[in-house]
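Notes to accompany the following structure.
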Number of protein chains: 2
Amino acid sequence: MLTQAPTRAKGRPRSCVADSAIDTAALELFADEGFERFSIEAVASRAGVGKATIYRRFANRDELLAHAMQQLDADVPVISELGDFWQTLTKLLDDIRESSLDSLKSRIMIRVLSEGARHPQLRAMVTELVIRPRQARLRAVLAHGIQVGQLRSDVDIEATVALLIGPMVWLKMLGLTPEAGAASTESIVQVLRTGLAPASRL
Amino acid sequence: MLTQAPTRAKGRPRSCVADSAIDTAALELFADEGFERFSIEAVASRAGVGKATIYRRFANRDELLAHAMQQLDADVPVISELGDFWQTLTKLLDDIRESSLDSLKSRIMIRVLSEGARHPQLRAMVTELVIRPRQARLRAVLAHGIQVGQLRSDVDIEATVALLIGPMVWLKMLGLTPEAGAASTESIVQVLRTGLAPASRL
DNA sequence: TCAATTCGAAACGATAACGTATCGTAATTC
DNA sequence: GAATTACGATACGTTATCGTTTCGAATTGA
């Protein structure tokens, strides 16, 4: 239950329970309340931890926030390769839409992006840790689709990535779910698959 | 330069210069700084106006913010009908991307949507004033496209709207411009037009 | 001219978070 | 057992900002 320091410290070891409580509280607080309401005191309160316990670990608010953000990496869930390319793509978009069944990442992402102009280094960190790996995974799926001949080889990849991610983020921001009348991921993939133009007008 | 009240008041009339200065400052402040930093004091400072001048007009912060938001309607620029349907669509998306060459609306929209859970009535107002008219305009263009046979008549309209608006908002949130290597509106329309699947695999 | 009203500026008290320190308790090493 | 360090809780003085009120000057109708 306690962290073991490599160099055997003398006194009471720091609680790793407090460590993770602080990290979790920081991420949830940021997602729930946003940047402006993110304060040491609020994190301590939410984590059930004394302020001194936080100040013993971090010098100030920015350090705490930056450290918490780095807990965002790790799990980019692997998509089990399905037989059908379009099925795989749909599943991938569903994952992006739900952000790994855990909306914490996506709520943080949206907050950081919408406030990015004010905190560029935070924006860069989230871009690197959350957005980039998912875009890479998406590109890999697209490349595989081209390989197996399911995807046109002449499509603009940048445009395609924007066409796949954009609608997911947009629908999430609107707070619309497929159950609530919004477009389903399947129908979006379907439109994208066949295109908007009639076959006769290509 | 001064507002003429219907009932001729006795004292010094309220300055309509201050009126519009307050409105403008409120919108810009909200776009620049976000909800949490939106305060009477900051609006007064930015407008070059005494705080009492604002309190004489609005009871509190929420009233001021709501009034300022209602200045957002009015101009949904009309798209001159071009000959080519896809050209019209591209121009429409460019307009959405730049939000009428004035990023104020789009910055406000993104802030409101990302913070919408906390302020549902504000979200409803922006949805009504900014998003709904633009979606209506887009649907009209799509309907016309079907009429003239440029657009498949069996496409899912909801999905198509999400596919058109989503990428624009997403690229704007990322802060990417076509000049900076991001996908151009033309290439997005092009991918959407022809679809992702090879002709042989439809 | 006089009373009424608004103006921008500034003073006022309240609130909140900051960073630090202290308290008694708990955990660990020597 | 003694020394040391961390724990949660809480108190402290400082700073910043908020909403509200007050002030003299300015602008109007009567």
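Note that the structure is predicted; figures quoted are calculated from it, not measured. Lettering follows sequence order; numbering is per chain, from 1.
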Please list each protein N or O that sits under 3.5 Å from an N or O in nucleotides 23-25 of chain C, with the distance.
none

Would you say D:dC7 has OP1 or OP2 under 4.0 Å from some side-chain N or O of A:S15? no

Testing A:D23, A:I108, A:L104 one by one against A:E28 for a side-chain contact (heavy atoms from CB on, under 4.5 Å), which residue passes? A:L104

Quick one: which of C:dC7, C:dA21, D:dG19 gets closest to the side chain of B:A18? C:dC7

Residues B:D95, B:R137: salt bridge by 4.0 Å N-O rule: yes

Tell me the interatomic distance from B:I54, atom CD1, to D:dG19, atom P, rounded to whole angstroms. 10 Å

Start with the C-alpha distance between A:R139 and A:E158, add both sets of side-chain angles, then the distance that settles salt bridge (Lys or Arg N to Asp or Glu O under 4.0 Å), and finish with yes or no. CA-CA 9 Å; A:R139 284 170 204 274; A:E158 289 299 322; 3.2 Å; yes

Donor-acceptor pair, B:S114 side chain versus B:I110 backbone, under 3.5 Å? yes

Quick one: OG on B:S106 to CE on B:M168, what's the gap to the nearest 0.5 Å? 13.0 Å

For the side chain of B:P13, counting heavy atoms from C-beta on, which of D:dA9, D:dT10, D:dT28 is nearest? D:dT28

Interatomic distance, B:K10 NZ vs C:dA3 C1' [rounded to whole Å]: 5 Å

State plainly whether the residues B:E63 and B:R57 are in salt-bridge range, i.e. N to O under 4.0 Å. no

Assess, by modelled atom type and distance only, whether the side chains of A:T185 and A:R97 contain a donor and an acceptor separated by less than 3.5 Å. yes

With no hydrogens and no angle check, is any side-chain donor or acceptor of A:T160 less than 3.5 Å from a backbone partner on A:D156? yes

Check: A:K51 side chain, D:dG8 base, donor-acceptor under 3.5 Å: no

What is the separation between atom CZ on A:R14 and atom P on D:dT5, rounded to the nearest whole Å? 11 Å

Distance test, side-chain N/O of B:T53 to OP1/OP2 of C:dT6, below 4.0 Å: no

Salt bridge present between A:R118 and B:E33 (N-O < 4.0 angstrom): yes

Salt bridge (Lys or Arg N to Asp or Glu O under 4.0 Å) between A:D32 and A:R111: does it pass, once the steps are laid out? CA-CA 9 Å; A:D32 286 349; A:R111 282 206 182 275; over 6 Å; no

Under 3.5 Å donor-acceptor, B:T53 side chain and B:V49 backbone: no

In numerical order, the residues of residues 56-64 of chain B whose heavy atoms come under 4.0 Å of DNA chain C are B:R56, B:R57

What parts of residues 27-50 of chain B reach DNA chain D, counting only heavy atoms under 4.0 Å away? B:S39, B:I40, B:E41

